[in-house]
Amino acid sequence: MVQMIAVCVLAQGAQPGMAVPRGQQTGSAAELVIIDTDIGDDIDDAMAIGLALESPELKILGITTAWGNTALRARMMERFLREAGHPEIPVGVGQEKYPAKGALTVSQAKYGEREPEKQLPGAVEFLLEQIRKHPGEITLIAIGPETNLGAAMDRDAETFRKLKRIVLMGGSVYRGYDGFAYPTGPVKPMPEWNILCDVEAARKVFASGVPLFVMPLDSTQIKLQELERGRLFAHGSGLTDALTVLYHQWAYGTKQETPTMFDAVAVGYAIRPELCPMKAMRLRIDEDGSTKAEEGVANAEVCLKSDSDAFWEFYMGRVVGR
């Protein structure tokens, strides 16, 4: 997820299906998940996926890439999974979409460019294939623009609606980008990146009828501060070493030091719902990418406030241990 404002246009891309992973957690309690991500711009995607990899409650069927150069993002994802010790998890290349104005800077591009190119299967068909195999069982964790989700609905809406649920990082209900984990004064919403990039696709997701659990800016602006960064980067596992490299590429490329863990909050909710209590709401997506609360039948469960201390206790316990 990137803190940007842009108007977006679509460029097509599609490829064949792919195999499912072997050797992961297979217990009956493990929830089947697919993660759709725009890894490589901000650093929170990698932090979020790292949490998912370290959580036995989840069985990751595959990870698909969204937005911009999805093939490069897929190469990044392949390298990350290998270095984190999970090369068995399939990666799918999503449909490409770019801003109509301005450049899209992938801060961690070098990480992906050092991974050899190879033919990878397409995200949309993989998603639909897995839903057909596991109807009513898959949680789709969407932590990037919803282009792949919209394309899957266009291709086979009946199958798409057999998802168990969608956990989505996106939107801004009452608070915009203010950089705090809690309200600090008068607040106002603003268009949020994942929704703004593909308004049409986001509208399809919100109208799909699939149970939708939304983590907007209101609840996801939890910072990775210096003490936590030091502990994380000193841990020395394959996963945390990969996160360290990606963090420094992000910090250099964006001239920032302190990441916001938007997407990791969404993954945390998928594993431990009490981290982000939900409220039933009806959200409308406007042309400018705004997500407005309105009267009517609820179309989403929305987390408006999270507990940053509880989140960090959970996250660090999973990724570096106690």
Side-chain angles (χ1 to χ4, degrees), residues 1-4 21 35-55 58 60 62-94 103-118 120 141 143-144 169 193 220 222-268 311-312 315-321:
M1 219 257 324
V2 180
Q3 298 182 41
M4 297 176 60
I35 301 173
D36 190 67
T37 173
D38 61 340
I39 187 171
D41 298 330
D42 212 337
I43 187 61
D44 58 322
D45 293 78
M47 296 290 181
I49 294 165
L51 175 59
L53 293 174
E54 293 299 302
S55 295
L58 305 182
I60 304 173
I63 299 177
T64 55
T65 59
W67 189 243
N69 189 340
T70 53
L72 177 60
R73 296 189 197 279
R75 289 163 65 190
M76 295 174 57
M77 198 68 254
E78 287 257 299
R79 178 179 172 183
F80 182 77
L81 288 171
R82 185 180 68 255
E83 292 178 351
H86 290 277
E88 79 285 353
I89 297 177
V91 175
V93 181
L104 178 63
T105 301
V106 181
S107 66
Q108 299 135 70
K110 293 294 184 184
Y111 186 87
E113 289 168 358
R114 299 186 192 283
E115 181 72 9
E117 291 187 47
K118 66 179 183 181
L120 292 173
I141 302 176
I143 53 176
M169 190 280 129
W193 174 253
T220 56
I222 295 176
K223 296 289 187 177
L224 177 59
Q225 301 288 1
E226 185 175 3
L227 284 175
E228 285 83 8
R229 293 200 302 271
R231 185 180 175 206
L232 185 69
F233 300 154
H235 182 59
S237 69
L239 169 61
T240 58
D241 285 353
L243 290 173
T244 302
V245 171
L246 289 170
Y247 165 80
H248 284 289
Q249 289 191 357
W250 168 81
Y252 180 79
T254 64
K255 305 298 185 276
Q256 299 181 66
E257 292 184 357
T258 306
T260 306
M261 302 287 279
F262 305 101
D263 295 340
V265 177
V267 171
F311 170 81
W312 278 121
Y315 186 94
M316 298 300 282
R318 285 296 169 90
V319 177
V320 303

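Just so you know, these numbers come straight off a predicted model, no measurement behind them.
- Tested against E115 for a salt bridge (charged side-chain N to carboxylate O under 4.0 Å, His left out), the candidates R75, R82, R73 yield a single pass: R82.
- To the nearest 0.5 Å, atom CD1 of residue I35 and atom OG1 of residue T37 are 8.0 Å apart.
- The side-chain heavy atoms of T260 and T220, taken from C-beta on, include no pair separated by under 4.5 Å.
- Proximity of W193 to D42: side-chain heavy atoms (C-beta onward) are nowhere separated by under 4.5 Å.
- Here the CG-CE distance, from L224 to M316, works out to 7.5 Å after rounding to the nearest 0.5 Å.
- The main-chain N or O of M47 is found under 3.5 Å from a side-chain atom of Y315 such that the two form a donor-acceptor pair.
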Checking V265 against I222 for the side-chain contact (heavy atoms from CB on, under 4.5 Å) test, could you report, in this order, the C-alpha distance in whole Å, the side-chain angles of both residues, the deciding distance, and whether it holds? CA-CA 8 Å; V265 177; I222 295 176; 3.8 Å; yes

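- The closest donor-acceptor contact from the side chain of S107 to the backbone of D41 lies under 3.5 Å.
- Of all heavy-atom pairs between P87 and G85, the closest is CD-C, 3.3 Å.
- S55 OG to I60 CD1: the interatomic distance, rounded to the nearest 0.5 Å, is 8.5 Å.
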Apply the test salt bridge (charged side-chain N to carboxylate O under 4.0 Å, His left out) to residues E228 and R231: give CA-CA distance (whole Å), side-chain angles for both, the deciding distance (0.1 Å), then the verdict. CA-CA 5 Å; E228 285 83 8; R231 185 180 175 206; over 6 Å; no

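- For the pair E83/Y111, a side-chain contact is recorded, criterion being any heavy-atom separation below 4.5 Å from C-beta on.
- Contact detail for D241 and G236: the closest heavy-atom pair is OD1-CA, 3.5 Å.
- Put simply, CG on D45 and CD1 on I63 are 10.5 Å apart, with the number rounded to the nearest 0.5 Å.
- Heavy-atom neighbours of E257 CD from other residues, nucleotides or ligands within 6.0 Å: at or below the threshold of 12.
- Looking at R229 and E226, no side-chain N of the basic residue comes within less than 4.0 Å of a carboxylate O on the acidic one, giving no salt bridge.
- Looking at L104 and W67, their side chains come closer than 4.5 Å, going by heavy atoms from C-beta outward.
- T65 contributes a side-chain N or O that, together with a main-chain N or O of T70, makes up a donor-acceptor pair within less than 3.5 Å.
- Across every non-hydrogen atom of A84 and L53, the tightest pair is CB-CD1, 3.9 Å.
- Nearest heavy atoms, L239 versus E54: CD2-CG, 3.6 Å.
- Heavy-atom minimum distance, L72 versus G112: CD1-C, 3.8 Å.
- The environment of NZ in K118 is sparse: at most 12 heavy-atom neighbours from other residues, nucleotides or ligands sit within 6.0 Å.
- Shown here for I143 and A266, the closest heavy-atom pair between the two residues is CG2-CB, 4.3 Å.
- More than 12 heavy atoms of other residues, nucleotides or ligands shown are found within 6.0 angstrom of CD on Q225.
- Here the CD1 atom belonging to I43 is positioned 4.0 Å from the CD atom belonging to Q108, to the nearest 0.5 angstrom.
- Note that CE of M77 and CG of L120 are 12.0 Å apart. Values are rounded to the nearest 0.5 Å.
- Remark: the backbone N or O of D263 is paired with a side-chain donor or acceptor of D44 at under 3.5 angstrom.
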